[in-house]
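Have a look at the structure below before the remarks.
Note that the coordinates shown come from a computational prediction; the quantities given were computed from them, not determined experimentally. Starting from 1, each residue takes its place in the sequence as its number.
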Amino acid sequence: MIRDITGVNMYFLRVDFWLLFLKISLVLLSSQNTFLGRLRHFIDIIDPSTLFVSERRLKECIKLLDDYKHGTLPPGVSDLQLWEAQKIKQAIIHPDTGEKIFMPFRMSGYVPFGTPIWLNQSHNACVNYANRNATKPASTSKFLLGYAGAVTSAVSIAVGLNVLIQRANRLSPATRMIVQRFVPFTAVASANICNVGLMRHNELSEGVDVLDDKGNVVGSSKIAARNAIMETAFTRVVLPMPIFVLPPIIMSYLERLRFLQSNRRLLLPIHSAVCLLTFAVSLPVAISLFPQMSQIEVSRLEPEIAMATKCKVVTYNKGL
């Protein structure tokens, strides 16, 4: 009898352990303080299905979240419904302005609306602007100036370095191999950095709002703005890395298949599909490197910020 009771106790102890492990895992996967938590979050944010959410459905989600916030949630609403509502709102609504982001320029539209070089950089510019820190208003003239500069510089860098690749035949074999392998990535990364910097240059001159632990604005910081743009630009450098590495490896295996050897016309569409899938995988990984709502020590900011709050750490919207 004692053995039976001990066995039952051990069984329930193991069940409790695994339930605790599951709860801890769910907390880590929903926390914005961990890479895995941010990755899970941004996989939701970039879900292309959110591009087709109706206005009525969006309003229902916002109302549901407001009811939860004010403790007036109707009975029968599940956690799954709340998570889905939050996913839809965060994918569509800008955190600073509270307004809808135009569909093609949401993060969920980044992959579906990606197009060849000049259109791609034009789309990138609009995505960078639409997902910026918008605590400070930007005039139309500044937007147009940044847009023209971003697209022109990005395309010029990309095209200029591609010309360098075409002239690589005049170089030695070793140098030619290095140029052909590394210049394309350098071109894309440099273009992306210019794009982010120029489309968000208003933040550098105006600063961005920083918030205390209660969510109150304590001032505007150009230092926080610089950090936000640097972190965002770094994600745009990481973003194309898998696209230059994985498709050639995957295609080298696919091209050995008898089916593709006898249907060579399918190589191009399959290669395009592989690149698109790689882009879809690399996007949430890249933007998960840093939290969207970043924190910074007050001691690193302007003196007037330190004088305006007793908090040691403040929060700001890094943008995406």
Side-chain angles (χ1 to χ4, degrees), residues 31-35 37-38 41-42 45 65-66 69-70 86 89-90 92-101 105-107 124-150 153 192-238 286-320:
S31 172
Q32 295 293 296
N33 295 323
T34 65
F35 173 77
R38 294 192 295 271
H41 168 72
F42 285 119
I45 294 300
L65 294 172
D66 286 342
K69 182 179 179 180
H70 296 103
Q86 179 174 268
K89 180 183 177 181
Q90 291 181 338
I92 298 174
I93 303 296
H94 195 287
D96 291 333
T97 64
E99 298 177 356
K100 287 176 62 176
I101 300 173
F105 306 144
R106 300 171 194 164
M107 274 298 161
N124 284 350
C126 293
V127 169
N128 291 333
Y129 182 81
N131 293 277
R132 73 197 188 284
N133 180 300
T135 53
K136 300 295 180 185
S139 64
T140 303
S141 60
K142 287 188 176 181
F143 164 75
L144 293 175
L145 183 64
Y147 175 82
S153 61
N192 287 348
I193 291 172
C194 287
N195 207 315
V196 171
L198 289 169
M199 286 309 299
R200 296 180 57 176
H201 71 284
N202 186 64
E203 296 170 39
L204 293 174
S205 59
E206 300 292 334
V208 298
D209 287 353
V210 292
L211 314 175
D212 60 17
D213 53 5
K214 295 181 180 179
N216 299 316
V217 177
V218 297
S220 296
S221 172
K222 295 180 182 179
I223 296 175
R226 184 183 63 196
N227 284 1
I229 292 174
M230 288 176 62
E231 289 179 353
T232 305
F234 183 75
T235 65
R236 299 303 195 271
V237 173
V238 174
I287 61 179
S288 298
L289 294 174
F290 305 100
Q292 181 173 3
M293 298 304 296
S294 294
Q295 293 185 324
I296 188 170
E297 295 177 356
V298 173
S299 59
R300 295 176 54 193
L301 299 179
E302 294 86 346
E304 56 268 24
I305 301 292
M307 295 174 61
T309 181
K310 295 181 179 179
C311 295
K312 294 183 178 180
V313 176
V314 290
T315 305
Y316 61 94
N317 176 20
K318 172 186 69 65
L320 292 176

Which pair of non-hydrogen atoms, one from [X] and one from [Y], has the smallest distance, and what is that distance?
X: Val298; Y: Cys311; value: CG2-O, 3.1 Å
X: Lys318; Y: Pro291; value: CE-O, 3.1 Å
X: Gly207; Y: Lys136; value: O-CG, 3.2 Å
X: Gly197; Y: Ile229; value: CA-CG2, 4.3 Å

(request) Could you walk me through whether Arg226 and Leu204 pass the side chain to side chain contact (heavy atoms under 4.5 Å, CB included) test, one step at a time? (result) CA-CA 6 Å; Arg226 184 183 63 196; Leu204 293 174; 4.1 Å; yes

(message) Apply side chain to side chain contact (heavy atoms under 4.5 Å, CB included) to residues Val237 and Asn192 and explain how you reach the verdict.
(response) CA-CA 7 Å; Val237 173; Asn192 287 348; over 6 Å; no

(request) Taking atom types as modelled, find out whether Asn128 and Asn195 have a side-chain donor-acceptor pair closer than 3.5 angstrom. (result)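 A pair is found: one side chain offers a donor N or O, the other an acceptor, under 3.5 Å apart.
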
(message) Is a donor from one side chain sitting under 3.5 angstrom from an acceptor on the other, for Arg132 and Asn202?
(response)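 Side chains of Arg132 and Asn202: no pair found under 3.5 Å.
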
Separation between [atom1] of [X] and [atom2] of [Y], rounded to the nearest 0.5 Å:
X: Thr135; Y: Glu206; atom1: OG1; atom2: CD; value: 10.0 Å
X: Asn317; Y: Glu203; atom1: CG; atom2: CD; value: 8.5 Å
X: Arg106; Y: Ile93; atom1: CZ; atom2: CD1; value: 8.0 Å
X: Ile45; Y: Ile287; atom1: CD1; atom2: CD1; value: 8.0 Å
X: Met107; Y: Gln292; atom1: CE; atom2: CD; value: 8.5 Å
X: His94; Y: Lys100; atom1: NE2; atom2: NZ; value: 15.0 Å

(request) Mark yes or no for whether Asp96, through its side chain, and Ala134, through its backbone, hold a donor-acceptor pair below 3.5 Å. (result)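 Yes, the answer is positive, given that a donor and an acceptor are paired below the 3.5 Å cut-off.
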
(message) Is it the case that atom CD in Glu297 sees more than 12 heavy atoms from other parts of the structure closer than 6.0 Å?
(response)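 It does not: Glu297 CD has 12 such atoms or fewer within range.
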
(message) For the CE atom on Met230, are there more than 12 heavy atoms of other groups (residues, nucleotides or ligands in this structure) within a distance under 6.0 Å?
(response)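 Result for CE/Met230: open.
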
(request) Using the ring of Phe35 (Phe, Tyr or Trp, six-membered ring only), decide whether Arg38 places NZ or CZ under 6.0 Å from its centre and within 45 degrees of its axis. (result)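 No.
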
